[in-house]
Amino acid sequence: MSSLGAEIREQFPILHQEVNGHPLVYLDNGASSQRPRSVIEAIKRYYELDHSNVHRGVHTLGSRATDAYEGARDKVAAFLNAKFREEIIFTRGTTTALNLVAFSYARSVCREGDEIVLTPMEHHSNLIPWQQVAKATGATLKYIPLQPDGSITLEDAEKTITERTKIVSVVYVSNVLGVTNPVKELAAIAHRNGAVMVVDGAQSTPHLKVDVQDLDCDFYAFSGHKMCGPTGIGALYGKKTLLDNMEPIEFGGEMIDRVDLYESTFKELPYKFEGGTPIIAGAVGLGAAIDFLTEVGMDRIHAHDTHLAKIAYEQLSQIEGLTIYGPRDNRTGLVTFNLKEIHAHDVATVIDQEGIAIRAGHHCCQPLMRWLNVNATARASFYLYNTEQEVELLVRALRNTEQFFESIG
Ligand code: PMP
């Protein structure tokens, strides 16, 4: 039993509406979460009172906006337990953060014959950038194989990661299987082999306490919009020693030191990676989201989201003909499934008529879909404002869907 959802949902204005004549049941948090009033207010207040461009203005609004933006960086650094604030680079989200690692770091260190190690459960954002690096450098992609339940083992990781490996990049929490991968142990294996460890934290940062120093990962990427923050903002954490030696990949205003007609020099960390006017209001909103999540408590959020996924797993497995993907245990906040032969899109469309929002499709994980031998799956993903009652509504709606399709043959 977890009371968090009932307690907290009052703070999320969007949840208090009817969709197709039913109270909205929002279970698509893996794609994007909703925002509490405090985040919406922080962005509104920023635009109403403080907005200006940052870093250059000598006027009052300029310094207020700079304080707000840089204050958000401090919040992200504390939230991830980064050692230095300049280890936090604001990006558009996880995708941009991973591309920064691929195109700045990996492009310069990988050579023909080097290896980049991934898993088959990676989101396209943590797959295609590495394919591009492999094409450009002659490096080879290798995959830690999946167990029948979709998890990976450290024994397999030990076999796959070798002295030729330059980069290991793995998702912390899978957006399809819900499984939490042992990224701390993978980082240790990577380091023993002289490789760096990159973590796709898109689905972990919203749900569990992240400590990049404890994980000892070299890079960590996440998106604000999945953790109560605005869209269009996320961050890359990178160890200072690595970031210091990396070249920018975007060039222009803000990131320069001195510009001459034929040559330019660039700023120190983190600014050399933040070309152009930064995502100021986004960072302010992300900072407010971090305050909100911290006040609720990441341990409590984790316990709640895990509990909802567990009861959803148990109740959905009672439905005849419903297949759940991924391991039974160790799942963080989501359940992915198919109902008999009914297409996942049809399932999602039918239950939307009852006001229930779930995701259907390949979830940007086409190779994993092929491994699962399906074209698409349905996914219910939970967050701190969801309740046990909403899980029951989902289960009831799926039972009705199954009966409806049965009746029409
Ligand atoms: N990795 C994972 C595991 C994800 O779930 C997502 C978002 N669906 C991403 C990466 C990409 O995040 P974004 O679209 O915010 O860049």
Side-chain angles (χ1 to χ4, degrees), residues 26-35 76 89-103 118-132 143-144 146 150-152 168-183 186 197-208 210 217 219-237 249 279 282-283 285-286 289 305 309 325-326 330-336 344 348 357-369 371-372 376-383:
Y26 187 77
L27 303 179
D28 193 16
N29 297 287
S32 200
S33 74
Q34 302 298 350
R35 284 115 205 86
V76 175
I89 318 291
F90 282 122
T91 66
R92 208 154 52 73
T94 308
T95 306
T96 323
L98 292 169
N99 273 275
L100 175 53
V101 182
F103 288 96
L118 312 170
T119 78
M121 74 176 90
E122 299 312 318
H123 188 279
H124 296 165
S125 300
N126 193 31
L127 176 62
I128 305 170
W130 305 116
Q131 292 177 347
Q132 297 299 109
Y143 291 89
I144 303 169
L146 301 183
S151 59
I152 55 168
V168 179
S169 192
V170 171
V171 68
Y172 198 169
V173 170
S174 158
N175 61 316
V176 172
L177 303 167
V179 61
T180 309
N181 286 316
V183 290
L186 292 175
M197 180 73 203
V198 185
V199 178
D200 171 352
Q203 298 290 343
S204 48
T205 322
H207 300 287
L208 48 92
V210 175
C217 55
F219 297 102
Y220 186 99
F222 73 94
S223 303
H225 68 95
K226 295 180 197 281
M227 47 184 280
C228 297
T231 52
I233 184 80
L236 173 70
Y237 156 83
I249 57 167
I279 318 153
L286 177 59
D305 300 346
Y325 304 101
N330 187 23
R331 58 175 54 243
T332 306
L334 63 89
V335 181
T336 299
I358 61 166
R359 192 94 176 157
H362 56 60
H363 313 284
C364 298
C365 285
Q366 288 190 9
L368 180 59
M369 292 296 118
W371 184 85
L372 292 170
T377 69
R379 178 187 71 189
S381 49
F382 310 102
Y383 209 13

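Order of appearance sets the numbers: ligands from 1, and atoms from 1 within every ligand.
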side-chain contact (heavy atoms from CB on, under 4.5 Å) partner of Ile233, chosen from Val76, Thr91, Thr96, Ile279: Ile279

If you round to the nearest 0.5 Å, how far is OH of Tyr172 from OH of Tyr220? 6.5 Å

Looking at Glu122 and Val171, would you say the former's side chain and the latter's main chain have a donor-acceptor pair under 3.5 Å? yes

Quick one: table the atom pairs, ligand 1 N or O against protein N or O, below 3.5 Å, distance rounded to 0.1 Å.
{"residue": "ligand 1", "atom": "1 (N)", "partner": "Asp200", "partner atom": "OD1", "Å": "3.2"}
{"residue": "ligand 1", "atom": "1 (N)", "partner": "Asp200", "partner atom": "OD2", "Å": "2.6"}
{"residue": "ligand 1", "atom": "5 (O)", "partner": "Gln203", "partner atom": "NE2", "Å": "2.7"}
{"residue": "ligand 1", "atom": "8 (N)", "partner": "His123", "partner atom": "NE2", "Å": "3.3"}
{"residue": "ligand 1", "atom": "8 (N)", "partner": "Lys226", "partner atom": "NZ", "Å": "2.8"}
{"residue": "ligand 1", "atom": "15 (O)", "partner": "Ser223", "partner atom": "OG", "Å": "2.7"}
{"residue": "ligand 1", "atom": "15 (O)", "partner": "His225", "partner atom": "NE2", "Å": "2.8"}
{"residue": "ligand 1", "atom": "16 (O)", "partner": "Thr94", "partner atom": "N", "Å": "3.4"}
{"residue": "ligand 1", "atom": "16 (O)", "partner": "Thr95", "partner atom": "N", "Å": "2.9"}
{"residue": "ligand 1", "atom": "16 (O)", "partner": "Thr95", "partner atom": "OG1", "Å": "2.5"}

Check whether any side-chain N or O of Ser32 sits under 3.5 Å from a backbone N or O of His225 as a donor-acceptor pair, and report yes or no. yes

For His207 and Tyr383 the tightest heavy-atom approach is CE1-CD1, 3.6 Å

Show the nearest heavy-atom pair for residues Pro230 and Gly285, with the distance to one decimal. CD-C, 3.5 Å

